[in-house]
Amino acid sequence: MATQQEYSSTSDEKLVRAAQKGDMAAFEELVARHRDRIFARAFSMMRSEEEAVDLSQEAWVKGWQRLKQFQGESSFVTWMTRIVINLCLDQLRKQKRQRAESIELLEEESGGVERQMPIVTVNPTEGLERQELRLRIDKALAQLSYEHRTVLVLHEFEELEYKEIARRMQCSIGTVMSRLFYARRKMANLMASYKREEMS
Amino acid sequence: MNRDAALKYQAYLDGELPERQARQVAEALAQDPEAQALVTELRATKQALKGNEPEIALPESREFYWTRIQREIQRLEAQPVERGSDGWLAVLAGWRRYLAPMAGVAVIAFLAVAMLRTTPNPIVDQHLAEIENLSEHTTSFSFRSDNMFVVWVQETGSEVADSEADFISNDDSLLQ
């Protein structure tokens, strides 16, 4: 077994192979390397730091248990990201059963609300520093219902196709399209309102 | 522009339409300024999000975060492996689904029998008896009712009973 210092310069592929043979120090290095990204994905979906920490840790435990199934068809971090997404979706489904549908979602599913929003003609993100843009995106994401946020995260950040999102969220492709449309329109309007606040 | 058309423009933007349909939508888009404005807005949002996922750092140290993961892995690995897929355990696991209904039937049967037995029966009540048997070495006391027979056996001279109740049975045949 190599030391932690030796592992810091080892590639993910080698670490995964070592971990698949039961080397926990190699797995610890993988956790240290990618923990922020796995946590960030959980946080972007859950919007709760505590839940995101718990779910990301649970994802790592599941990752270790299923490591032998990892064939290297995608990168290790992509594989881990999919595990944490599935855990978050499960958790969100559980929470959804315990609460009433959000008014926002009901309005969206009854149709037409997103079309009442004015079309944003001036790009509200133009000229923003990357850090500032990220902060505004984060702020706007927090305003969305979890269904809209999740569709947006899976489509824009995970780059999943409609069909794959529908499969993971256990809904129809039509619902995915509708939620994505609403989420994008809402995001555009929120970003425009932040721009207006900045100007005034 | 209706909702279906708007969703179609979005699908076009996302490259989700088949080639032929994409061509038709592109042609329709070229003639519709309102649709063009909508697609421009959708594209700007898509581009703003691309590669700009908020960066959020884990609020815990490497050691603290890892320790909990490691502890959970070790706890799970210390548990005996569930062997639900082979041997008699698999058969047992298959029967698990029937346990709840079977338990329900058993409870009902038990209650029915208990009710019958607790119904006052003047003839049975007359059989309640307590018998004492004194011998040279042991002393025994027995108590008998219509559905129970209890025997206390004690060594003569011994202060402590070997057993408070050596035999308790609800089996009617043993009461004869």
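Chain letters run A, B, ... following the sequence lines, proteins first and then strands; every chain starts at 1. Hydrogens, waters and symmetry mates are skipped; everything else that's a heavy atom, side chains included, is used.
- Note on B:Asp14 versus A:Arg184: salt bridge recorded, some NZ/NE/NH1/NH2 to OD/OE distance being below 4.0 Å.
- When B:Gln70, B:Arg68, B:Lys50 are compared by the number of non-hydrogen pairs under 4.5 Å with chain A, B:Arg68 comes out ahead.
- For A:Gln65, the part lying under 4.5 angstrom from a heavy atom of chain B is the side chain only.
- Salt bridge absent: A:Glu13 and A:Arg17 never bring a charged side-chain N and a carboxylate O closer than 4.0 Å.
- Contact of A:Thr121 with chain B is not made at all, since no heavy-atom distance falls under 4.5 Å.
- In this structure, no portion of B:Thr67 lies under 4.5 Å from any heavy atom of chain A.
- Residue B:Glu60 touches chain A through both its backbone and its side chain, counting heavy-atom pairs closer than 4.5 Å.
- Both the backbone and the side chain of A:Tyr162 come within contact range of chain B, judged by heavy atoms closer than 4.5 Å.
- Ion pair B:Glu55/A:Arg134 flagged as a salt bridge, since at least one NZ, NE, NH1 or NH2 atom sits closer than 4.0 Å to an Asp/Glu carboxylate oxygen.
- Interface remark: of the candidates A:Leu180, A:Val31, A:Asn123, A:Leu180 forms the most heavy-atom pairs closer than 4.5 Å to chain B.
- Remark: A:Arg41 does not engage A:Asp36 in a salt bridge, criterion side-chain N to carboxylate O under 4.0 Å.
- Only the side chain of A:Leu141 has a heavy atom closer than 4.5 Å to any heavy atom of chain B.
- With chain A as the partner, the residue from B:Glu16, B:Gln47, B:Glu77 showing the most heavy-atom pairs under 4.5 Å is B:Glu16.
- Of all the listed residues (B:Thr45, B:Leu76, B:Asn52), the one sharing the greatest number of non-hydrogen pairs under 4.5 Å with chain A is B:Asn52.
- Note on A:Arg47 versus A:Asp138: salt bridge recorded, some NZ/NE/NH1/NH2 to OD/OE distance being below 4.0 Å.
- Here the shortest heavy-atom pairing between B:Glu34 and A:Ile119 reads O-CD1, 4.0 Å.
- Highest contact tally toward chain A, considering only B:Thr40, B:Ile73, B:Leu42, is held by B:Ile73 [criterion: heavy-atom pairs under 4.5 Å].
- Ring-plane geometry between A:Phe27 and A:Phe76 is classed as perpendicular, the angle between the planes exceeding 60 degrees on a 0 to 90 degree scale with a lower cut at 30.
- No other option in A:His155, A:Glu159, A:Glu161, A:Arg37 has as many heavy-atom pairs under 4.5 Å with chain B as A:His155.
- Ionic pairing of A:Arg136 and A:Glu197 is not present here: no N-O contact between side-chain nitrogen and carboxylate oxygen is shorter than 4.0 angstrom.
- Of the N and O atoms on the side chains of A:Ser172 and A:Thr175, at least one donor lies less than 3.5 Å from an acceptor on the other residue.
- Heavy-atom distances place both the backbone and the side chain of B:Gln10 under 4.5 Å from chain A.
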